[in-house]
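One structure is given here, and the rest of the page talks about it.
Worth saying up front: this structure is predicted, and the values here are computed from it rather than measured.
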Amino acid sequence: MKRFWLLVLAVITALPPALGAQQPSDTGEAGQLRAQIEKRFGERVQQELKLTPDQAAQLRASQERFGALRRDLIRQQSERRRAFDDQMRPGVAANADSVRKLMDGMRAGREQMLKIERDEDREMGGYLNPVQRARYQQMRERFMQRVNEMRAARRERGSLGRGPVLRPGLRGGGRRRGM
């Protein structure tokens, strides 16, 4: 069951920020599911790290604050990457000034992400002991590896025209009948 919830959390987290966040047109189901998954993941973290209720509350607050910063930065970096890819299309002359600005922006974004991670780690050092911080980092790293694997698989399926992971009527590894 834990594996199921981690998978669902990974899928929701793997969505582009605009899709993962609850939108006004959302039925509310996505927001509710996200809240439920975050709650269960928080419980798992609290259990595995043996956090006190106070530590768990502080960690949740840090995750919310730094998670919002991270999502905004990921969205910006994604926009920069799309603009960069658009500039670098084969057969189309790229605008050197735009390419330079986009590359500078992507580098600055990577530096901002490192700063967010340093600031978050420094804040967590105020309420988690070094072993708890290290275990939390391991959990998050494993989680992000899984998210990246799912993103890569989703991109591959998209380029092969197979659609989403969980689709009824598909057989044998997600292939349609007759393919």
- [ ] Would you check if there is a donor-acceptor pair between the side chains of Gln55 and Gln132 at a distance under 3.5 Å?
- [x] yes
Q) When you look at Glu111 and Lys115, which way does the salt bridge (charged side-chain N to carboxylate O under 4.0 Å, His left out) test go after all the steps? A) CA-CA 6 Å; Glu111 291 168 358; Lys115 182 183 182 324; over 6 Å; no
Any salt bridge linking [X] with [Y]? Criterion: basic side-chain nitrogen under 4.0 Å from a carboxylate oxygen.
X	Y	result
Asp104	Lys101	no
Glu48	Arg44	yes
Arg122	Asp119	yes
Glu120	Arg140	yes

Shortest non-hydrogen pair, Val99 vs Ala94, comes out as CG2-CB, 3.9 Å
* Asked: Would Met113 and Leu102 show up in the same hydrophobic cluster when neighbours are defined by side-chain heavy atoms closer than 4.5 Å?
  -> no
Handout entry: Trace of the side chain to side chain donor-acceptor pair (under 3.5 Å) decision for Tyr136 with Glu141
Key = CA-CA 8 Å; Tyr136 176 76; Glu141 185 175 323; over 6 Å; no
Checking salt bridge (charged side-chain N to carboxylate O under 4.0 Å, His left out) for the pair Glu123/Arg65: CA distance, chi angles, key distance, verdict?
CA-CA 11 Å; Glu123 182 173 302; Arg65 182 173 45 263; 2.3 Å; yes
I'd like a table of donor-acceptor pairs (distance under 3.5 Å, sequence neighbours excluded) in which one partner is a side-chain atom from residues 85-92, with atom names and distances.
residue: Asp86; atom: OD1; partner: Arg89; partner atom: NH1; Å: 2.2
residue: Gln87; atom: OE1; partner: Asn95; partner atom: N; Å: 2.8

**Residue Arg135 excluded, over 12 heavy atoms near CZ under 6.0 Å** =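 No.
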request  = Quick one: name the residues clustered hydrophobically with Leu114, using the 4.5 Å side-chain heavy-atom rule over I, L, V, M, F, W, Y, and just say none if it's on its own.
outcome  =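 Answer for Leu114: none, a lone residue.
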